[in-house]
Amino acid sequence: MRAVNLIPNDSGRSWGGSGGRSGGSVYVLLGTLAVALALVTVYVLTNNRISDQKAKVAALQAQVTNAQLAATRLAPYVTFAKLAQERMETVRGIASSRFDWHAALAGLSRVVPANTSLQSLVGTVVPSATVGGAGASGASGTDLRGDITAPAFQLSGCSDSQDDVARLISRLRLIDGVTRVSLEDSQKSSSGQSGASVSAGGTGGCKAASPSFDLVVFFTPLANAGADGVTSLGTEPVSSTTSTGGLQ
Amino acid sequence: MTGRDRLVVVIVLVIVAVAGAWLLVVQPKRDQANSLGAKVTAAQNQLDAARTQITSAEADRSAYARDYQAVAELGEALPSDDETPSLIFELQNAATRAGVNFRSLVLNAASSSSPAPTTSSSTSSTSQAVTATLPPGAAVGPAGLPTLPFTFTFQGNFFRLASFMGRLERFVVATNKKVSVSGRLMSLNGISLGAAPSGFPQITATISATTYLVPASQGLTDGASPSGPAAGSSARTVSGSPSSSPAAATITPPTP
């Protein structure tokens, strides 16, 4: 039996399946239109976004301009506040970096034994400091003071015995902030007069057979001390002079 | 060319057209939109920064009266000129309270602490201009503050002198929270204690001290007034004493 195609020729499938009589062109057309529509949609939306952002940028820039103008108007207040803060810090820095002379002298008065008399005291914050015409070697005429860059007292005085000098040194170490006590000399004068540093005052002098001493008491270095001390203030020239002798 | 071939060509043309439209029309617009987005972000950041600045400045404006008061009070510690009369008054007052005799005050010309010579002529002229605005005897110190070195002489017993030095130091008391000012800020660089001419227990104390001034370019309040700051802060200079003033001043009470 011979097979017969019952489907008419114009209703049969062409290439690609359901192209129909247009051969699939209609799908291509529809697809093209859809893609074109999507492109236009994206284009329009992007354009809208651009417009929005342009407006937003303009508004923001206007606000920035206004804010900057306001900040400019207030700038002197900021500058003055900064000045006040800086000046406060400067004063605080200087004030807090000073050596506490009062505490050191009070400490000294508490530890010096009754049988010991001080004939001169020269205190300096840095070795290069000068006071009363005397620098680092002002009290004793030596350079022990210059060995340590820290505040120090240079003491000259008399004691009843060498033991008392040793006792004085031990007690001086009890002063708050003292880091070292260096004895330079302790000697009895055969003539009953003290050493050169004491007799330089003209009015002083130790009792016969009483040793005179010269020593240096070093304190804790100041926190902000530079090479020349806290603010290099000790290097200023001092024109006056002071005599020594007779200080208990 | 068969229908199938024509269809393939059409599809390829459509794809090319779509890609071209995307690349030539849509993508530039998208780039522009992205660029504008970045501009919006930048402007927003700029606005935020300006607003923060304004907030901070408003706080400074609110605190202006307090800052002005603080600066004015610090003027007692750091005057704009040598203000020797007030220094003498403060020293005499402290000496009286401590029970010591204020003998002398010597202003030491700051020759050794003058600014180091510079090789640049312009810098040199600037230094000279700065120095010219300072009181005679003053020099700019390492901290940038003009300094005035003095030597004081006092007489009294040891304990009163020690108390007196405490009073000098307490002219300015600094804590972490505040700075209390009741007199001139000074650093005592050295002291020398020796017997007074009248003999023990009277002691002569020679004190080497340095006082400080505010920078000449700022003046006491940098041109500010109680009602508000100057518009161009730090733009003015405070003129110093006339150049004909003596370089060193000495007062010495007569010996009793």
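- When the candidates V14(B), I11(B), V26(B), V40(B) are compared by the number of heavy-atom contacts under 4.5 Å with chain A, V40(B) comes out ahead.
- For the atom pair OG of S128(A) and CG of N189(B), the computed distance is 9.5 Å after rounding to the nearest 0.5 Å.
- Within residues 51-60 of chain A, the residues that have a heavy atom under 4.5 Å from a heavy atom of chain B are Q53(A), K54(A), K56(A), V57(A), L60(A), listed by number.
- The ring-ring contact (aromatic ring centres under 6.0 Å, His included) search around F154(B) returns F102(B), F164(B), not counting sequence neighbours.
- In this structure, no portion of N157(B) lies under 4.5 Å from any heavy atom of chain A.
- When heavy atoms are compared at a cutoff of 4.5 Å, V181(B) does not approach chain A at all.
- L188(B) has its side chain out of reach of R98(A): every pair of non-hydrogen atoms, C-beta onward, lies at least 4.5 Å apart.
- Taking the side chain as every heavy atom from C-beta outward, Q68(A) and Q46(B) approach each other to under 4.5 Å.
- The aromatic rings of Y68(B) and F80(A) sit parallel to each other, their planes meeting at less than 30°, with 60° as the upper class boundary.
- Proximity to chain A (any heavy atom under 4.5 Å) is shown, for I54(B), by both the backbone and the side chain.
- Counting all heavy atoms, side chain and backbone alike, Y77(A) lies closest to S227(B) at OH-O, 4.5 Å.
- Side-chain contact between R87(A) and V179(B) is absent, with no heavy atoms from C-beta onward closer than 4.5 Å.
- Remark: N48(A) CG is packed, more than 12 non-hydrogen atoms of other residues, nucleotides or ligands lying under 6.0 Å away.
- Looking only at heavy-atom pairs under 4.5 Å with chain B, the residue among Y43(A), F153(A), W101(A) that has the most is W101(A).
- Looking at T90(A) and Y212(B), their side chains never come closer than 4.5 Å, going by heavy atoms from C-beta outward.
- Taking OG1 of T79(A) as the start and CG of D60(B) as the end, the distance is 9.0 Å to the nearest 0.5 Å.
- Taking V173(B), T175(B), T2(B) one by one and counting their heavy-atom pairs under 4.5 Å with chain A, the maximum is reached by T175(B).
- Of the listed residues (R51(B), M186(B), R66(B)), the one with the most heavy-atom contacts under 4.5 Å to chain A is M186(B).
- Listed by chain and number, the residues in a salt bridge (charged side-chain N to carboxylate O under 4.0 Å, His left out) with R92(A) are E89(A) (sequence neighbours excluded).
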Between D67(B) and M88(A), is the side chain to side chain contact (heavy atoms under 4.5 Å, CB included) condition met? List the steps.
CA-CA 10 Å; D67(B) 289 341; M88(A) 186 74 75; over 6 Å; no

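- Ranked by heavy-atom pairs shorter than 4.5 Å toward chain A, the options V71(B), I191(B), I207(B) are led by I191(B).
- Counting only heavy atoms from C-beta outward, the side chains of V18(B) and T32(A) never approach each other to under 4.5 Å.
- In this structure, the separation between NE2 on H102(A) and CZ on R167(B) is 9.0 Å, given to the nearest 0.5 Å.
- Highest contact tally toward chain A, considering only K178(B), E169(B), Q53(B), is held by E169(B) [criterion: heavy-atom pairs under 4.5 Å].
- The side-chain heavy atoms of L78(B) and V91(A), taken from C-beta on, include a pair separated by under 4.5 Å.
- The contact between V35(A) and chain B is made entirely by side chain atoms (from C-beta outward), counting heavy-atom distances below 4.5 Å.
- Listed by chain and number, the residues in a salt bridge (charged side-chain N to carboxylate O under 4.0 Å, His left out) with E58(B) are R61(B) (sequence neighbours excluded).
- Within the 4.5 angstrom heavy-atom criterion, no atom of A63(B) approaches chain A.
- To the nearest 0.5 Å, atom CZ of residue F99(A) and atom OG of residue S187(B) are 13.0 Å apart.
- Residue F159(B) holds its CZ atom at 10.5 Å from CG of L105(A), rounded to the nearest 0.5 Å.
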Step by step, would you call V28(A) with L7(B) a side chain to side chain contact (heavy atoms under 4.5 Å, CB included)?
CA-CA 8 Å; V28(A) 172; L7(B) 194 58; 3.5 Å; yes

Side chain to side chain contact (heavy atoms under 4.5 Å, CB included) evaluation trace for L39(A) with V25(B):
CA-CA 9 Å; L39(A) 281 177; V25(B) 179; over 6 Å; no

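- At a threshold of 4.5 Å between non-hydrogen side-chain atoms, the residues L185(B) and I94(A) count as touching.
- Rounding to the nearest 0.5 angstrom, the gap separating the CG atom in L161(B) from the OG atom in S109(A) is 12.0 Å.
- Interface summary for chain A: among G190(B), A21(B), G228(B), A174(B), the most heavy-atom pairs under 4.5 angstrom belong to G190(B).
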